[in-house]
Amino acid sequence: MKAAVTVTLLLAFACVATTARELQGKAKCEPKCRYVTKQKCKDVPREECTQTPVTNCNDVPKEKCTTVPEQKCTPVTTKVCSLVPKKECVDVEKIECKMVPKETCVDAPTEVCEDVPEKKCKPVVENKCHDVFTKVCKNGKCWTETEKVCKDVSHEKCDFVNVPKCKTEYVPSCTTEEVEECGPVFEEKCEETDEAEKPYGKLKKFSKLLGDKKSKLSKFGGEKSKKCEQIAVFEKKCTTTDVEECNDVTKDVCVTEDVTKCDTVLEQVCTTDNVKDCKTVYDKVCEDVQERECDKCY
């Protein structure tokens, strides 16, 4: 601090001494002056700006939705049916088959032919000639010349020929072959009854009902009689058929559906702005100026 004050005082004394010397010189001489051209330069400030892109990012909450498959199940009751074999038996008449001769007749077509006279004609060409008489005279003499003239004459020549004429006649043709005949089976069932007192006519009628089979009947009197009848023979016939049986079955039926699910997520949103960046720069500007210079007097 003290050193700075000392320097300042020394500069002040030097300046006073210089001013005193200049005043003394002015009193002694007249200075010579002239104009000289000098270039003077100075720094001119100006503002220089540039556009700088600046990106600013912020986290913005945004709802984001996605479609995802989701399975949904529902209990469904259905009827499940299946075929179950079931045996059923019924009493049916017993059928018996046997081979019996059987004559079969059909009308067989037969071709019958006979000769029938028929007139047939055909064209015939014959060469027929005849004499032509011509009177010729020469040198006062005349005579007759004969000339034979022929020509073809066409005519029909007919004859009777035997032509076969045929026709179809149907003649019965019979064949005998063994065929199978089936019918119910009967058996004779007899039981003793007290019917001796009844009229003989009824016994005779009962005997006719039995057909060709003989029934043993007791003689008309006070003895017991035997009553017989033909009854059909039955047998069991069983068949197995498929019967539909159904049960209720509950099971889950699932379907896949697309479901939209949404969540809030932070999404970075960035914006870019141009920021103006300015600074002061100095341009050096120079110009020629006229200055007056005077010689110093010493």
Side-chain angles (χ1 to χ4, degrees), residues 1-84 242 244-298:
M1 185 71 181
K2 288 181 180 181
V5 172
T6 303
V7 171
T8 304
L9 289 174
L10 288 173
L11 290 173
F13 282 126
C15 183
V16 170
T18 302
T19 305
R21 283 196 300 270
E22 288 179 355
L23 290 174
Q24 288 176 3
K26 285 181 180 181
K28 291 180 180 181
C29 66
E30 187 72 26
K32 290 182 179 181
C33 297
R34 60 184 176 275
Y35 287 95
V36 294
T37 302
K38 290 186 177 181
Q39 191 179 50
K40 283 191 175 182
C41 297
K42 62 179 180 179
D43 292 331
V44 179
R46 65 180 177 84
E47 191 178 41
E48 189 177 74
C49 297
T50 58
Q51 298 286 337
T52 304
V54 177
T55 302
N56 296 318
C57 296
N58 296 313
D59 290 334
V60 178
K62 187 176 181 181
E63 188 179 45
K64 190 174 183 180
C65 298
T66 56
T67 301
V68 294
E70 187 175 290
Q71 194 177 55
K72 293 184 179 180
C73 298
T74 308
V76 176
T77 301
T78 56
K79 187 173 284 189
V80 178
C81 300
S82 60
L83 294 176
V84 178
D242 291 333
E244 188 179 41
E245 288 187 0
C246 299
N247 297 313
D248 290 335
V249 177
T250 302
K251 63 178 180 180
D252 289 338
V253 176
C254 300
V255 294
T256 302
E257 297 178 350
D258 290 336
V259 179
T260 303
K261 289 189 176 182
C262 298
D263 295 320
T264 301
V265 295
L266 293 176
E267 184 176 326
Q268 195 176 55
V269 178
C270 298
T271 57
T272 302
D273 298 326
N274 290 323
V275 178
K276 190 176 182 181
D277 186 14
C278 297
K279 64 180 179 179
T280 302
V281 295
Y282 291 91
D283 295 331
K284 191 172 183 179
V285 178
C286 298
E287 61 178 352
D288 293 335
V289 294
Q290 296 290 325
E291 283 190 359
R292 186 180 177 187
E293 283 188 355
C294 297
D295 296 335
K296 292 182 180 183
C297 290
Y298 297 101

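These numbers were taken from a predicted model, which means no experiment stands behind them.
Residues Glu47 and Thr280 bring no donor and acceptor atom of their side chains to less than 3.5 Å of each other.
Distance check, rounded to the nearest 0.5 Å: NZ of Lys62 to OG1 of Thr264 gives 12.0 Å. In this structure, CG in Asn274 is found 10.5 Å from OG1 in Thr50, a value given to the nearest 0.5 Å. Put simply, CD on Gln71 and CD on Glu257 are 10.5 Å apart, with the number rounded to the nearest 0.5 Å. Taken to the nearest 0.5 Å, the SG atom of Cys278 stands 9.5 Å off from the CD atom of Glu48. Within the model, atoms OG1 of Thr52 and NZ of Lys276 stand 12.0 Å from one another, a figure rounded to the nearest 0.5 Å. Atom CD of Gln268 is separated from atom CG of Asp59 by 5.5 Å, given to the nearest 0.5 angstrom.
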Discussion item. Evaluate Thr77 against Thr250 for side chain to side chain contact (heavy atoms under 4.5 Å, CB included), listing each step before the verdict.
Written reply: CA-CA 4 Å; Thr77 301; Thr250 302; 3.0 Å; yes
Practice prompt. Kindly indicate, with the supporting measurements, whether the criterion salt bridge (charged side-chain N to carboxylate O under 4.0 Å, His left out) is fulfilled by Lys40 and Glu291.
Written response: CA-CA 10 Å; Lys40 283 191 175 182; Glu291 283 190 359; 2.7 Å; yes
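Across all non-hydrogen atoms, the minimal contact from Cys65 to Thr260 is CB-CG2, 3.9 Å. In plain terms, the two heavy atoms of Cys57 and Thr55 that are nearest each other are SG-CG2, 4.0 Å. In terms of heavy atoms, Pro75 sits closest to Asp252 at CA-OD1, 3.5 Å.
Side-chain contact check for Lys279 versus Val281: some heavy-atom pair is nearer than 4.5 Å. Residues Val253 and Thr74 fail the side-chain proximity criterion, which asks for heavy atoms closer than 4.5 Å. Considering only heavy atoms from C-beta on, Glu70 comes within 4.5 Å of Lys261 through its side chain. Proximity of Arg34 to Arg292: side-chain heavy atoms (C-beta onward) are nowhere separated by under 4.5 Å. A heavy-atom distance below 4.5 Å is found between the side chains of Thr78 and Val80.
Residues forming a salt bridge (Lys or Arg N to Asp or Glu O under 4.0 Å) with Lys251 (at least two apart in sequence, or on another chain): none.
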